Asks: 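What follows is a single structure, and I will ask about it in a moment.
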Amino acid sequence: MTHLVVVEATNLIQSGDIVRAEAILTALVETEGDHALIEVLDDIPAKDLLAVIREYDSSKQSLLNLLITPEQFARLVVLERLYKDMSHEQLRGMMNSVIFREDADANEFIEAIAELEFGYETFADYLSDRAEEVVGETFAALDTEDISRSEISDHDWKELTWLLRHEHSDIYNIVLVLLKAKLQERIIPEVMHAGEDDDEVIESATPEEKTPKEEEDEDSAI
C-alpha cells in the first residue's frame with residue numbers, strides 16, 4: 001500500500017498535479033496514521049517533495065508541513081535554490097510554517113539544515129531581504145544579551161536571526177559572511193551605475209570645442 005502511494009504521488013507531482021498529490025499523501029494519516037505518512041515522505045525524492053511543500057505556508061497549511069521531520073525538511077529545503085526565485089518569498093514562507101510550527105523544536109531544524117551542503121546558503125537566502133539589518137546589527141536583538149526569544153517571537157526572520165545569533169553562533173558567523181557578500185554584490189552595480197550617471201553629467205557640462213573658423217569669426221567681430 002505504502003509503495004503504491006509513493007508511486008502515485010510521485011507521478012502526480014511530476015505531472016504538475018500538486019493538489020491531488022498532497023491529498024493522496026495526507027489521506028494516509030486518516031487510514032494508517034501519522035507514522036505511515038512520515039515513512040512515505042522518506043521514500044519520495046526530495047525534489048518532488050519540495051514541489052509540494054513549497055506550495056504551502058503559514059497562511060495555507062498542509063499536514064505535510066506539520067509532520068515532516070527535520071532531516072526530511074533539510075534535504076528538500078536546500079534544493080529550493082534550484083527554482084532561482086530571487087525574492088526567496090516561498091523559501092521564507094515554507095521555512096516559517098515548518099520550523100516555527102507549534103510542536104517543533106526550531107533548533108533541530110536549524111542543525112539539520114546546517115549539516116547539509118548549501119545549508120548555510122539557505123539561511124542566507126532566507127535572510128537576504130533583511131541583510132542590511134542583520135549585517136549592520138540595527139536589529140536590536142543582536143545588540144544585547146538581555147533580549148529573550150519570547151520578546152522577538154515573530155515566527156519569522158527576527159526569531160530565526162535571534163536563534164542563530166544566540167544559540168548557533170558558529171552557524172550565524174558563517175551566514176553573516178554570506179550576507180555581507182550578498183550586500184556587496186548589490187552595492188557594486190549601484191556604484192557603477194552611479195558612476196555612469198556622473199560621467200554623463202560631466203560630459204554634458206563640458207564646453208563644446210570650437211572650430212578654427214568659429215574662432216576666426218569671433219576674432220573678427222572683436
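Everything quoted here is computed from the prediction, not taken from an experiment. FYI, side chains are in, hydrogens and waters are out, and symmetry mates aren't considered; it's all heavy atoms of this structure.
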Asks: Please walk me through it: do Val78 and Tyr120 pass side-chain contact (heavy atoms from CB on, under 4.5 Å)?
Replies: CA-CA 9 Å; Val78 296; Tyr120 297 118; over 6 Å; no
Asks: Under the rule for ring-ring contact (aromatic ring centres under 6.0 Å, His included), what residues qualify as partners of His35, not counting sequence neighbours?
Replies: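 With sequence neighbours excluded, His35 shows a ring-ring contact (aromatic ring centres under 6.0 Å, His included) to no residue whatsoever.
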Asks: Identify, with sequence neighbours excluded, every residue that meets side-chain contact (heavy atoms from CB on, under 4.5 Å) alongside Thr69.
Replies: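 So Thr69 forms a side-chain contact (heavy atoms from CB on, under 4.5 Å) with Ile38, Glu71, Gln72.
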Asks: Considering all heavy atoms of both residues, which atom of Pro45 and which atom of Thr10 are nearest to each other, and what is their separation?
Replies: CD-OG1, 4.2 Å
Asks: Considering non-hydrogen atoms only, spot the tightest contact between Ile99 and Ala106 and give its length.
Replies: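 So the minimum-distance heavy-atom pair works out to CG2-CB, 3.5 Å.
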Asks: Which value, rounded to the nearest 0.5 Å, describes the distance between Lys158 atom NZ and Leu127 atom CG?
Replies: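 Between Lys158 NZ and Leu127 CG, I get 13.0 Å after rounding to 0.5 Å.
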Asks: Rounded to the nearest 0.5 Å, what separation is found between the CD atom of Glu39 and the CD1 atom of Ile44?
Replies: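 Spacing of CD (Glu39) from CD1 (Ile44) equals 12.5 Å.
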Asks: With sequence neighbours left out, what residues match Arg130 under side chain to side chain donor-acceptor pair (under 3.5 Å)?
Replies: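 So Arg130 forms a side chain to side chain donor-acceptor pair (under 3.5 Å) with Glu133.
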Asks: For Asp57, enumerate each residue passing the salt bridge (Lys or Arg N to Asp or Glu O under 4.0 Å) test, keeping only those at least two apart in sequence or located in another chain.
Replies: none
Asks: What residues, two or more places apart in sequence or in another chain, satisfy ring-ring contact (aromatic ring centres under 6.0 Å, His included) together with Phe109?
Replies: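 Phe109: ring-ring contact (aromatic ring centres under 6.0 Å, His included) contacts with Phe73.
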Asks: In sequence, state the C-alpha distance, the side-chain angles, and the governing distance for Met95 and Trp157, and then conclude on side-chain contact (heavy atoms from CB on, under 4.5 Å).
Replies: CA-CA 10 Å; Met95 286 184 65; Trp157 73 274; over 6 Å; no
Asks: Give a yes or no on whether Leu82 and Leu91 share a hydrophobic cluster (residues Ile, Leu, Val, Met, Phe, Trp, Tyr; joining criterion: side-chain heavy atoms under 4.5 Å apart).
Replies: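 Yes; Leu91 is reachable from Leu82 via cluster members.
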Asks: Once salt bridge (charged side-chain N to carboxylate O under 4.0 Å, His left out) is applied, what residue pairs with a partner in residues 58-70 remain, sequence neighbours excluded?
Replies: none
Asks: Heavy atoms only: give me the nearest Ala114-Ile171 pair and the separation to one decimal.
Replies: CB-CD1, 3.5 Å
Asks: Taking the side chain as every heavy atom from C-beta outward, state whether Thr31 and Leu28 have any pair of such atoms under 4.5 Å apart.
Replies: yes
Asks: Counting N and O atoms only, with roles assigned by atom type, does the side chain of Ser15 sit under 3.5 Å from a partner on the main chain of Asn11, one being a donor and the other an acceptor?
Replies: yes
Asks: Verify, without hydrogens or angle tests, whether Arg92 (side chain) and Tyr126 (backbone) share a donor-acceptor contact under 3.5 angstrom.
Replies: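 Answer holds: no.
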Asks: Would Val19 and Leu12 show up in the same hydrophobic cluster when neighbours are defined by side-chain heavy atoms closer than 4.5 Å?
Replies: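 No; Leu12 is not reachable from Val19 via cluster members.
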Asks: For Glu89, what residues pass the side-chain contact (heavy atoms from CB on, under 4.5 Å) criterion, not counting sequence neighbours?
Replies: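 With neighbours one apart ignored, the set is Ser87.
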Asks: With sequence neighbours left out, which residue pairs that include part of residues 44-54 fulfil the salt bridge (charged side-chain N to carboxylate O under 4.0 Å, His left out) condition?
Replies: Arg54-Glu80
Asks: So which atom in Leu49 and which in Leu41 form the shortest heavy-atom distance, rounded to 0.1 Å?
Replies: CD1-CD2, 3.7 Å
Asks: Going by an N to O cut-off under 4.0 Å, is there a salt bridge joining Arg101 and Asp103?
Replies: yes
Asks: With sequence neighbours excluded, tell me which residues meet salt bridge (Lys or Arg N to Asp or Glu O under 4.0 Å) with Asp34.
Replies: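 Asp34 satisfies salt bridge (Lys or Arg N to Asp or Glu O under 4.0 Å) with no residue once adjacent residues are dropped.
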Asks: Looking at residues at least two apart in the chain, or sitting in another chain, which of them share a side-chain contact (heavy atoms from CB on, under 4.5 Å) with Glu115?
Replies: none
Asks: If we ignore hydrogens and angles and just use 3.5 Å, is the side chain of Glu159 paired with the main-chain N or O of His155 as donor and acceptor?
Replies: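 Such a contact is found between Glu159 side chain and His155 backbone.
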Asks: Output all residues satisfying side-chain contact (heavy atoms from CB on, under 4.5 Å) with Glu22, sequence neighbours left out; order by chain, then residue number.
Replies: Thr26, Val52, Tyr56, Ser62, Leu64
Asks: For His88 and Asp129, test the side chains for any donor-to-acceptor distance below 3.5 angstrom and give the result as yes or no.
Replies: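 Result is no, nothing qualifies.
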Asks: Can you see which heavy atom on Pro70 is nearest to which on Ala112, and at what distance?
Replies: O-CB, 3.6 Å
Asks: Could you report the tightest heavy-atom contact between Asn65 and Ser97, atom names first, then the distance?
Replies: ND2-OG, 3.0 Å
Asks: Quick one: which of Leu160, Asp154, Asp156 gives a side chain to side chain contact (heavy atoms under 4.5 Å, CB included) with Phe100?
Replies: Leu160
Asks: Is there side-chain contact between Leu67 and Val29, with heavy atoms separated by less than 4.5 Å?
Replies: yes
Asks: Between CD of Glu55 and CD of Gln90, what distance do you get to the nearest 0.5 Å?
Replies: 6.0 Å
Asks: If you count every heavy atom of other residues, nucleotides or ligands that lies below 6.0 Å from Arg20 atom CZ, does the total exceed 12?
Replies: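 Counting neighbours around CZ of Arg20, 12 or fewer heavy atoms of other residues, nucleotides or ligands fall under 6.0 Å, so no.
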Asks: For the residue pair Glu167 and Trp162, establish whether any side-chain heavy-atom pair is separated by less than 4.5 Å.
Replies: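 SC-SC contact between Glu167 and Trp162 confirmed.
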Asks: Under the side chain to side chain contact (heavy atoms under 4.5 Å, CB included) test against Arg75, which residue among Ile68, Leu50, Asp42 passes?
Replies: Asp42
Asks: For a quick test of your reading: what N or O donor-acceptor pairs under 3.5 Å do the side chains of residues 173-183 make, sequence neighbours left out?
Replies:
unit_1 : atom_1 : unit_2 : atom_2 : d
Asn173 : ND2    : Ser169 : O      : 3.1
Lys182 : NZ     : Asp125 : OD1    : 2.9

